[in-house]
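Structure record follows, encoded as structure tokens.
No experiment lies behind these values; they were computed from the predicted model shown.
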Protein chains: 2
Amino acid sequence: MLALKHLRLIEVLNETGSLTRAATRLFLTQSALSHQLVALEAHYGLMLFVRARPLRLTPAGEYLLALAREILPRIDTAKRDLARLAEDNQPGKLRIAVECHTCYDWLMPAMDAYRTHWPEVEMDLVGGFHTDPIALLAEDKADLVIVSEAQPQKGVVFNPLFRYEMLALMATGHKLADKAYLTAKDFSHDPLITYPAPDRLLDLVRRVLKPSGINPERRHAELTIAIVQLVASRKGLAALPAWAVQSYLERGYVVARPITKKGLWSGLYTAARADDAQRAFHLDFIATLQEQAFMTLPGIEPLLENEYE
Amino acid sequence: MLALKHLRLIEVLNETGSLTRAATRLFLTQSALSHQLVALEAHYGLMLFVRARPLRLTPAGEYLLALAREILPRIDTAKRDLARLAEDNQPGKLRIAVECHTCYDWLMPAMDAYRTHWPEVEMDLVGGFHTDPIALLAEDKADLVIVSEAQPQKGVVFNPLFRYEMLALMATGHKLADKAYLTAKDFSHDPLITYPAPDRLLDLVRRVLKPSGINPERRHAELTIAIVQLVASRKGLAALPAWAVQSYLERGYVVARPITKKGLWSGLYTAARADDAQRAFHLDFIATLQEQAFMTLPGIEPLLENEYE
DNA sequence: TAAATTGATGAATTAAATTCATATATGCTT
DNA sequence: AAGCATATATGAATTTAATTCATCAATTTA
């Protein structure tokens with residue numbers, strides 16, 4: 001009894017305040033965590049969390065949280081050190097190319113966290129836009145690319161990061177705001193405000209508008225905040241990841257609606273050369289990206305299976 | 001991967017130098033530990049132990065040993081603290097009565113170790129000899145008794161500690177030393193040197209000599225070393241636990257032989273009042289006794305099942 | 001007040017760990 | 001160097017533990 005998984009549970013449960021959200025972060029079900037928690041509490045005859053929403057720690061729980069914060073980083077460091085020992089000590093390189101504009105928001109903190117763990121790995125961002133970013137791998141101009149589709153390709157390994165919902169943005173009081181969700185046709189009257197990227201990379205255009213033969217007038221902006229500002233100023237509609245606009249929605253700057261009845265969900269993957277893809281420094285970067293994403297981005301979901309180290 | 005059990009394995013394996021001995025200490029089979037070790041090594045693509053006898057740590061193994069020594073005591077302390085939190089904070093009392101003379105050898109270090117973990121528990125040794133030590137529990141003169149037999153009794157809970165072999169001791173060159181093992185008849189000619197205890201507590205007499213109707217002349221000594229000295233001086237035979245005489249055998253003072261073909265094996269148990277027996281401070285004392293015994297006494301075996309916390 | 005979300009729970013399922021049986025390796029003795 | 005004793009490795013069978021599934025009860029939100 002009292003295993004590392006219990007310490008992880010307590011740490012995540014304290015952060016999320018909910019078994020359901022903790023389950024997402026730990027790639028397990030709510031039921032699994034409930035069983036774990038109940039078993040641990042029963043074993044010591046103690047309550048660890050007050051059963052209210054959000055879940056709050058009891059003093060005994062606080063004690064274990066302190067233990068977790070002391071022990072787990074030490075264990076994680078040890079795992080990395082072991083992985084390093086197993087490698088042939090040739091330091092790795094991570095030149096990262098990013099397809100999606102919004103990604104920078106969470107990529108930066110992830111890179112920061114990673115740098116402290118792997119100071120010897122040289123990191124770089126490959127700037128500029130590229131029609132085929134995966135080609136950068138073969139050309140040896142990038143070592144890791146973040147893309148929105150895992151198109152199987154020889155010598156390239158993809159790893160799922162997470163999936164998220166794209167929301168349609170409109171000005172408050174826009175007539176479309178009366179609808180529960182938008183369809184392709186709803187986009188035909190207003191200009192569409194997007195990042196300056198080819199249609200291929202715009203999920204809304206590629207997967208919803210183009211199949212319906214709808215091609216609205218365009219207007220471009222470089223930054224998320226600029227797009228939101230244009231929408232709020234009734235210059236048109238936009239489609240952005242839910243996690244990128246959450247804060248603007250809360251403040252009431254704009255209104256968001258799902259796209260199509262089921263919602264428009266996109267995924268993100270990493271792509272890398274096959275030989276790099278199994279090295280420890282590389283796998284740990286992916287793990288860090290995910291951890292950071294699930295920690296900071298609201299409403300994202302796991303994408304396929306994932307192993308927690 | 002990399003769980004606390006792996007750290008325990010590495011710690012014990014480093015101490016014992018052998019999977020077989022480590023398995024005894026951890027109440028598992030050699031096979032289980034071999035699988036654990038191989039799995040861990042395979043996961044990180046590293047060797048942790050050099051496969052020679054005795055098993056020796058590789059640098060990666062040393063790293064994990066250091067980790068184990070850092071982490072495990074912290075975890076063990078936390079377990080005790082949790083148990084303490086669950087109790088109603090009423091400190092426990094441990095008045096200990098011991099039936100067997102030799103037991104003091106390992107009881108003292110165990111009590112020392114325990115005292116550092118549970119400073120608030122008042123410990124005492126109940127001196128003198130008692131015809132029925134278990135009665136001391138009901139009389140409230142002792143809280144824990146170490147006995148050699150678990151005679152079911154109402155209100156008394158027994159816990160197995162370990163089993164060990166009793167060896168017959170004789171002077172070097174004694175004619176019985178030619179035999180591979182001794183039988184009851186072999187004890188009829190020489191005096192029998194024992195602790196000053198009633199026959200009921202002498203396993204050799206109770207289980208081997210008495211059933212055969214053999215009753216040799218007696219001679220008593222208080223201390224193990226005195227008994228060994230008398231045997232070496234050809235004053236008679238003795239029967240003592242293998243772990244109590246190992247060092248004398250190694251130095252060639254006396255010779256030891258098994259008693260009966262299968263060997264004469266005895267067990268040790270703790271006995272306590274039922275209400276005490278499930279309290280954390282009490283269970284942890286038993287765990288400490290066992291840990292100390294398996295750590296210091298050679299040739300002892302587990303007795304029935306046991307849960308490692 | 002209804003609807004939605006969340007946690008709890010027993011049973012079924014799946015996965016993991018351990019044992020068993022046995023082969024292979026190592027070290028010691030003669 | 002051969003044989004013996006002891007230790008480790010390993011695949012398969014078994015057991016045990018953990019997770020999921022399906023649902024209910026409780027709580028919060030609309």
Candidate nucleotides C/dT19, D/dT8, C/dT18, ranked by approach to the side chain of B/T29 - the nearest: C/dT19

Under-3.5 Å donor-acceptor pair between A/H35 side chain and C/dG7 base: no

Atom CG of B/L40 to atom P of C/dA17: distance rounded to whole Å? 11 Å

C/dT5 base / A/S18 side chain donor-acceptor hit below 3.5 Å: no

Walking DNA chain D from its 5' end, the first of A/A52 and A/L28 to be reached, judged by nearest nucleotide, is A/L28

Mind listing the closest non-hydrogen atom pair of B/E301 and B/W265 along with its distance? CG-CZ3, 3.8 Å

Rounded to the nearest angstrom, tell me the gap between atom CG in A/L19 and atom P in C/dT9. 12 Å

Could you state the NE2-P distance from A/H6 to D/dA17, rounded to the nearest angstrom? 13 Å

Pick base, sugar-phosphate or nothing for B/S34, based on heavy-atom distances below 4.0 Å to the nucleic acid. base

For the side chain of B/R51 and the base of D/dT8, is some donor closer than 3.5 Å to an acceptor across the two? no

Could you check whether A/S31 gets within reach of a base, just the sugar-phosphate, or nothing at all, counting any heavy atom under 4.0 Å? base

With A/R257 as partner, the option from A/L237, A/L176, A/L182 fulfilling side-chain contact (heavy atoms from CB on, under 4.5 Å) is A/L182

Got a donor-acceptor pair under 3.5 Å from the side chain of B/R53 to the base of C/dT26? yes

Tell me: CG of B/L55 to C1' of C/dA25, nearest whole Å? 13 Å

If each of B/R21 and A/K5 is mapped to the nucleotide of DNA chain D with the nearest heavy atom, which maps nearer the 5' terminus, i.e. the 5' end? B/R21

Return yes if the base of D/dA9 and the side-chain atoms of B/Q30 contain a donor-acceptor N/O pair under 3.5 Å, otherwise no. yes

Can you spot which of B/L72, B/I71, B/L67, B/L65 makes a side-chain contact (heavy atoms from CB on, under 4.5 Å) with B/R69? B/L65

